[in-house]
2 protein chains.
Amino acid sequence: MRTPYTSGSLTRERVLNAALVLAERDGLERLSMRQLARELDVSPMALYRHVTNKEDLLDGLIERLLAELRLPDDSLGWEQRLRMLADELRALAHRHPGLFGLLLQRRAVGAQATRPRESVLRALRDGGLDPDAAARRERLLSTVIMGFALSEVAGRFAGVDVEQEFEEALSLLAGLAVAS
Amino acid sequence: MRTPYTSGSLTRERVLNAALVLAERDGLERLSMRQLARELDVSPMALYRHVTNKEDLLDGLIERLLAELRLPDDSLGWEQRLRMLADELRALAHRHPGLFGLLLQRRAVGAQATRPRESVLRALRDGGLDPDAAARRERLLSTVIMGFALSEVAGRFAGVDVEQEFEEALSLLAGLAVAS
DNA sequence: ACCTGAACACCGTTCAAGT
DNA sequence: ACCTGAACACCGTTCAAGT
């Protein structure tokens, strides 16, 4: 990054970047409009040019997080694609432990949210599920994987071999993914 | 209830009851110490006699919620017990849609939290799992069931046949519960 | 023993005003 | 066009004081 988020004119991107840094550094509960403004050396109201309110700020952060997900190429086998997506989600949780909970707390509505979902749906349909069943299975899988990842970064697996646990959960889910 | 929560002397129980009513009526985000005090016709500081701080209030609410869970009798078959526990958790989510999210948000630490967990562990061990595997499986199952219940009350399944979805998820989990 | 008032250091957001 | 200051209606919590 050439320009730190504290120089130049304010943009939505700079506001979101600063919010991400602040939330990751001090915790999500410390992310306030006023603290964020201080971080950017600007009055609190200046933020409202780029974000309609705090809700919008949080939605923007979710979009930013989801945009980081690398999606598997559709030419790969569907099982491999699901596995890659699970790993990507878990890696995202590790990269942003303080923010990942947002994804489970608030429903993702923006454009970025549909990208990974569509990728999972394609994989499940390639695995032989009809569209309806695939939609149901997608919700179940994403709930499990995100719940697992969140539990992990929230320290709920303290003192456990997380890798083994994840592998075990995945191998169970693998059988589950397309079983009638 | 003979005595509404606004009469008589303040107790921890009355504070928690009022907090539950308030959170369920106006939403968890509106549950504040000050609003709660207003509800109880008392100064905000009076609450601090019965609750060390807001964290403690929220932990108390979690304990209250978990205490409502009816646990299956251990003489029943282990599969039936798991099924009953899943139904109970889902029913709890329906009874307290505004508060249920607390259970996933903060780690349950109190005495009531171990009751359902122990019940699940006994069922899984009766199903043939060794203690270690049972512990892992318990975390996976509770994550899935609570994630499902939360998604449901949070409206993430809007426009879907939730009953069918739950049955399908459970039947998948059933195979999953003790498969090697 | 139990409760209160005033105070401190915060919030999100609106609105009129400044450049 | 973009930002600010002052203001409003809130927070959680401490501390000294009241009964």
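What you are looking at is a predicted structure, and each value in this text was computed from that prediction instead of being measured. Note on naming: letters A, B, ... go to the chains in the order of the sequence lines (proteins, then strands), and numbering restarts at 1 for each one.
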Arg30(B), CZ atom: more than 12 neighbouring heavy atoms under 6.0 Å: no
Residue met sooner reading DNA chain D from 5', once Arg34(A) and Arg34(B) are mapped to nucleotides: Arg34(A)
More than 12 heavy atoms of other groups within 6.0 Å of Arg70(B) CZ: no
DNA chain D contacts made by residues 52-65 of chain A, counting heavy atoms under 4.0 Å: none
Any donor-acceptor N/O pair, Gln112(A) side chain to Leu65(A) backbone, under 3.5 Å: no
Would you mind writing out the side-chain donor-acceptor pairs for residues 42-51 of chain B within the sub-3.5 Å range, not counting sequence neighbours?
{"residue": "Ser43(B)", "atom": "OG", "partner": "Met45(B)", "partner atom": "N", "Å": "3.3"}
{"residue": "His50(B)", "atom": "NE2", "partner": "Leu10(B)", "partner atom": "O", "Å": "3.1"}

Glu68(A), CD atom: more than 12 neighbouring heavy atoms under 6.0 Å: yes
Boundaries of the chain B footprint along DNA chain D (any atom under 4.0 Å from a heavy atom): dC11(D) to dT14(D)
Whether Glu24(A) side chain and Gly98(A) backbone form a donor-acceptor pair below 3.5 Å: yes
Set of residues satisfying salt bridge (Lys or Arg N to Asp or Glu O under 4.0 Å) with respect to Glu29(B), sequence neighbours excluded: none
Touch class at under 4.0 angstrom, heavy-atom based, for Ser43(B) against every strand present: base
Sugar-phosphate, base or nothing in reach of Met33(B), heavy atoms under 4.0 Å: sugar-phosphate
Qualifying ring pair (Phe, Tyr, Trp, His ring centres under 6.0 Å) pairs, either residue in residues 104-154 of chain B, two or more places apart: Phe148(B)-Phe157(B), Phe148(B)-Phe166(B)
Basic-acidic side-chain contact under 4.0 Å: Asp87(B), Arg83(B): yes
Residue whose nearest DNA chain D nucleotide is more 5′ - Val42(A) or Arg38(B): Val42(A)
Linked, directly or transitively: Val120(A) and Met84(A) (ILVMFWY side chains, under 4.5 Å): no
Pairing stems for DNA chain D [at least three consecutive pairs; Watson-Crick or G-U; under 3.5 angstrom]: C:4-8 with D:12-16, C:12-16 with D:4-8
